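No hydrogens, no waters, no symmetry mates; every other heavy atom, side chains included, goes into these values. Because the structure is predicted, anything quoted here is derived from the model rather than measured.
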Amino acid sequence: MSSNFIHDIIDADLASGKHSEVVTRFPPEPNGYLHIGHAKAICLDFGTALKYGGRCHLRYDDTNPTAEDTEYVGAIEEDVRWLGFDWGKNLFWASDYFDRMYECAVELIQMGKAYVCDLSVDAFKEYRGVPHLPGKEPAGRNRSIEENLELFEKMKAGEFADGAYVLRAKIDMNSPNLHMRDPAIYRIKHASHHNTGDKWCIYPMYDFAHCLEDSIEGVTHSLCTLEFEVHRPLYDWILETLSLYQPHQYEFARLNLTYTIMSKRKLLELVKEKLVSNWDDPRMPTICGMRRRGYTPEAVRAFCTEIGITKTESLTDVALLEHHVRTDLNEIAPRRMAVLDPLKVVITTYPEGQSEEFELPNHPQKPETGTRTVPFAREIFIERDDFMEEPVKKFFRLAPGTEVRLRGAYLVTCTDVIKDANGNIVELHCTHDPDSRGGNAPDGRKVKGTIHWVSAQHGIKAEVRLYDRLFTSENPAAEEGDFKDYLNPDSLKVITGIIEPGLASANPGDKFQFERIGYFCADPDTTESKPVFNRTVGLREAASKQA
RNA sequence: UGCCCGAUGGUGUAAUGGUAGCACAGCAGACUCUGAAUCUGCUUGUCUAGGUUCAAAUCCUAGUCGGGCAACCA
């Protein structure tokens with residue numbers, strides 16, 4: 001992976017001998033699905049370990065049993081693997097360290113560096129005060145070490161209700177950094193934990209747990225997002241006070257993408273209110289959503305590399321992601337023909353009842369990928385907007401009296417336009433040049449327009465889901481009012497298209513380029529009787545192409 | 001309001017005191033059996049004001065603007 005300010009620091013650490021190896025970690029809380037923002041972190045954490053020949057731990061930060069669910073654990077692992085990363089044996093749980101964390105808390109109390117506080121959330125808020133004024137010292141701050149030890153023991157023994165007491169680090173009620181004003185490090189939660197069951201009714205807070213986890217695991221560079229910057233002094237204080245090995249925390253800017261949201265809470269809201277089908281709805285910025293949409297791990301990784309790692313907050317244009325998706329798909333996706341808005345064409349000069357097969361390349365630029373056969377007959381479908389009765393200038397496609405190439409088949413000329421009683425075009429009649437079999441005329445005449453087609457007799461109906469951006473606003477989270485007011489009502493259009501017959505046997509996840517339209521992949525909803533395709537991303541379209 | 005962080009074309013990023021570069025997007029053209037891909041060219045930028053220096057995007061000072069922090073969440 002390319003370099004960034006964190007790698008500059010690592011280079012210096014390695015050169016100075018401060019570290020001889022690099023250990024990072026990706027520490028998700030199992031409380032939701034991973035999204036493209038996590039992908040950025042995963043690429044950084046694992047990519048950095050890979051670059052320096054170190055290791056990256058996958059660690060579940062499961063310190064809050066009321067927020068977490070093992071439902072998410074499998075999904076997280078699947079997503080990290082799909083992205084192409086491997087934690088090997090380095091799978092850890094914060095909850096496995098609960099005993100050691102408890103001992104550390106006791107040690108802090110014994111040092112006179114932590115105390116049990118009986119103030120309610122609201123009461124302590126008053127003592128903590130506001131940033132520009134000093135806080136007040138709670139009375140419990142001067143409790144004896146013995147009494148603190150006893151109270152903490154009772155907290156652990158379950159003698160108190162949730163919220164009755166909390167263990168606080170005794171730091172500085174006058175610190176300009178609010179996180180240093182005697183932060184809570186243990187709270188009472190009578191909740192069973194997926195891993196430790198009912199063994200504990202007190203659980204460590206993030207600030208206390210995370211630095212210990214990193215220290216215990218020998219992490220060298222603990223990478224997180226910018227909002228944790230003000231937590232770093234606390235991270236350092238705890239490890240220094242306990243005389244433990246101190247990893248260094250470095251912060252980088254989280255990813256924001258145009259036309260979507262990245263907040264787990266808001267994403268959950270969309271799922272719960274059924275505004276999307278589920279976490280893996282192809283419109284979601286989740287990793288499973290992108291996978292279902294047809295994005296490839298290679299494209300997502302290339303995107304993450306491209307956007308880089310900085311401390312500058314930014315809003316990245318989703319076009320950049322789509323660019324990498326197209327770039328990868330262009331390389332790997334076999335070409336097929338599908339008509340999404342069918343208009344029937346009768347080749348009047350083609351014998352009734354006759355059909356033939358054409359051999360078309362899977363990828364014109366990659367002959368080594370072979371060919372497939374596509375049936376042709378007298379009646380075919382073409383795309384409705386590939387015909388204009390009164391063509392605008394620079395319209396290269398079919399119009400009355402003009403000749404176009406049916407991709408890989410024949411040159412045809414439109415002779416008649418058939419309309420219904422309302423004047424709607426329902427059918428076209430064309431003649432074909434039998435000598436142009438394969439698509440080229442022996443006389444070498446140039447035909448500018450080439451359009452795709454599917455035989456009416458052989459084509460298969462398929463459900464095609466056309467996805468567009470989820471929101472109409474570039475930055476829905478920054479808009480006034482409810483972000484859901486900015487949902488794009490046209491983010492999903494379901495249509496029935498006609499696909500070339502070979503496409504009917506596509507398996508879920510198979511990716512194709514529907515020529516002249518875009519990249520599509522077979523959805524898991526696909527069955528033998530009903531193929532379902534998702535539009536991953538459209539082809540780039542020259543602005544001069546007007547329909 | 002206190003502390004912390006940041007600011008380079010429309011967007012994302014590089015330049016580590018010495019030619020402001022790359023990618024995306026946009027525009028124009030070439031090529032083309034995909035109006036795709038490919039190729040060529042073009043437009044557009046160092047937040048402001050001072051200072052240090054032979055030389056400043058880079059260092060210093062002040063300001064402006066943006067963000068973060070005031071859960072018994074992570």
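- Within the nucleic acid shown, A:E515 comes within 4.0 Å of at least one base atom, counting heavy atoms only.
- Among the protein residues, A:S175 comes within range of no part of the nucleic acid, since none of its heavy atoms lies under 4.0 Å from any strand.
- The side chain of A:A542 lies closest to B:rG35, out of B:rG35, B:rC5, B:rU34.
- Taking 4.0 Å as the cut-off between side-chain N and carboxylate O, A:E313 and A:R254 do not count as a salt-bridged pair.
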Next item on the list: Begin from the C-alpha positions of A:D69 and A:N31 and carry the test side-chain hydrogen bond (donor to acceptor under 3.5 Å, both in side chains) through to its verdict.
Entry: CA-CA 6 Å; A:D69 201 308; A:N31 71 343; over 6 Å; no
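- Across B:rG9 and B:rA15, the matching C1' atoms stand 16 Å from one another, rounded to whole Å.
- At the heavy-atom level, A:F228 lies under 4.0 Å from base atoms of the strands shown.
- Looking at which nucleotide of RNA chain B each of A:D62 and A:T312 is closest to, the 5′-most match is held by A:T312.
- The aromatic rings of A:H210 and A:Y206 lie tilted to each other, with the angle between the two planes from 30° to 60°.
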Report, one line per pair, each donor and acceptor closer than 3.5 Å where one atom sits in a side chain of residues 318-338 of chain A; sequence neighbours left out.
unit_1, atom_1, unit_2, atom_2, d
A:H324, NE2, A:E306, OE1, 2.9
A:R326, NE, A:G538, O, 2.7
A:R326, NH2, A:G538, O, 3.3
A:T327, OG1, A:H323, O, 2.8
A:D328, OD2, A:T296, OG1, 2.4
A:N330, OD1, A:R335, NH2, 2.6
A:E331, OE1, A:K366, NZ, 2.9
A:R335, NE, A:Q513, OE1, 3.4
A:R335, NH1, A:N330, O, 3.1
A:R335, NH1, A:A333, O, 2.7
A:R335, NH1, A:H363, NE2, 3.1
A:R336, NH1, A:N362, OD1, 2.9

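- Checked against the 6.0 Å centroid criterion, the rings of A:F228 and A:Y235 do not qualify as a close aromatic pair.
- By the 30° and 60° cut-offs, the orientation of the rings of A:H179 relative to A:H231 is tilted.
- Looking at residues 5-16 of chain A, you'll see A:D8 sit with a heavy atom under 4.0 Å from some atom of RNA chain B.
- Using cut-offs of 30° and 60° for the angle between ring planes, the A:F358 and A:W453 rings count as perpendicular.
- Salt bridge annotation for A:R59-A:D214: present, with a cationic side-chain nitrogen under 4.0 angstrom from a carboxylate oxygen.
- In this structure, A:H194 has its ring center closer than 6.0 angstrom to the ring center of A:W93.
- Of the charged side-chain nitrogens involved, at least one lies within less than 4.0 Å of a carboxylate oxygen, so that A:D386 and A:R516 count as a salt-bridged pair.
- Within 4.0 Å of A:N177, counting heavy atoms only, lies no atom of the nucleic acid at all.
- Residue A:R265 places no side-chain N or O under 4.0 Å from the OP1 or OP2 atom of B:rC73.
- Using P as the reference atom, B:rA49 and B:rU64 are 15 Å apart when rounded to the nearest Å.
- Comparing B:rU44 with B:rG12, their C1' atoms are spaced 15 Å from each other, to the whole Å.
- Each of A:L320 and A:E331 was assigned the nucleotide of RNA chain B with the nearest heavy atom; the assignment lying further toward the 5' end belongs to A:L320.
- Using P as the reference atom, B:rC39 and B:rG66 are 41 Å apart when rounded to the nearest Å.
- The same atom, C1', is picked in B:rA57 and in B:rC47; the two are 12 Å apart, to the nearest Å.
- The gap from the C1' atom of B:rU19 to that of B:rU46 amounts to 15 Å, rounded to the nearest Å.
- For the strand RNA chain B, secondary-structure stems (runs of at least three Watson-Crick or G-U pairs, all distances below 3.5 Å) span B:2-7 with B:64-69, B:10-13 with B:21-24, B:26-30 with B:38-42, B:47-51 with B:59-63.
- Remark: P of B:rC72 and NZ of A:K189 are 11 Å apart, rounded to the nearest angstrom.
- If you measure from atom NZ of A:K311 to atom C1' of B:rG66, you get 16 Å, rounded to the nearest angstrom.
- A salt bridge does not link A:E213 to A:R25: none of the charged side-chain nitrogens sits closer than 4.0 Å to a carboxylate oxygen.
- Within a heavy-atom distance below 4.0 Å of RNA chain B, the residues of residues 439-448 of chain A found are A:G439, A:N440, A:K448.
- Annotated as anti: B:rA37, whose O4'-C1'-N torsion sits more than 90° from 0.
- A:G163 comes within 4.0 angstrom of a nucleotide base, judged by non-hydrogen atoms across all strands.
- Among the protein residues, A:H231 comes within range of the nucleic acid bases, having at least one heavy atom under 4.0 Å from a base atom.
- Atom pair A:E227:CD and B:rC73:C1' shows a separation of 12 Å (rounding to whole Å applied).
- Between the side chain of A:R540 and the base of B:rG35, no donor-acceptor pair under 3.5 Å is found.
- For residues 365-372 of chain A, proximity to RNA chain B is found at A:Q365, defined as any non-hydrogen atom under 4.0 angstrom from a strand atom.
- Ring centers of A:F514 and A:Y519: at least 6.0 Å apart, outside the cut-off.
- Between A:R437 and A:E356 a salt bridge is recorded (basic side-chain N to carboxylate O distance below 4.0 Å).
- If you check every strand for non-hydrogen atoms under 4.0 Å, A:A67 touches nothing.
- Taking the ring centre of A:F160 as origin, the terminal cationic atom of A:K154 falls outside the region bounded by 6.0 Å and 45° from the ring axis.
- For the pair A:R326 CZ and B:rU38 P, the interatomic distance rounds to 11 Å; values are reported in whole Å.
- Closest to the side chain of A:V121, out of B:rC72, B:rA25, B:rU34, is B:rC72.
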Would you list the atom pairs, donor with acceptor, under 3.5 Å between side chains in residues 113-130 of chain A and any protein atom, with sequence neighbours excluded?
unit_1, atom_1, unit_2, atom_2, d
A:Y115, OH, A:D182, OD2, 2.5
A:S120, OG, A:A123, N, 3.0

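- Spacing between B:rC42 and B:rA62 at atom P, rounded to whole Å, works out to 43 Å.
- On the C1' atoms, B:rA37 is 43 Å away from B:rC5, given to the nearest whole Å.
- What separates CZ of A:R405 from C1' of B:rG35 is a distance of 13 Å, to the nearest Å.
- Contacts of A:L234 with the nucleic acid, taken as non-hydrogen atoms under 4.0 Å apart, are absent.
- Side chain A:Q513 to base B:rU34: a donor-acceptor pair is found below 3.5 Å.
- By the 4.0 Å N-to-carboxylate-O rule, A:R397 lies too far from A:E383 to be salt-bridged with it.
- Nucleic acid contact class of A:I517 (heavy atoms, under 4.0 Å, all strands): none.
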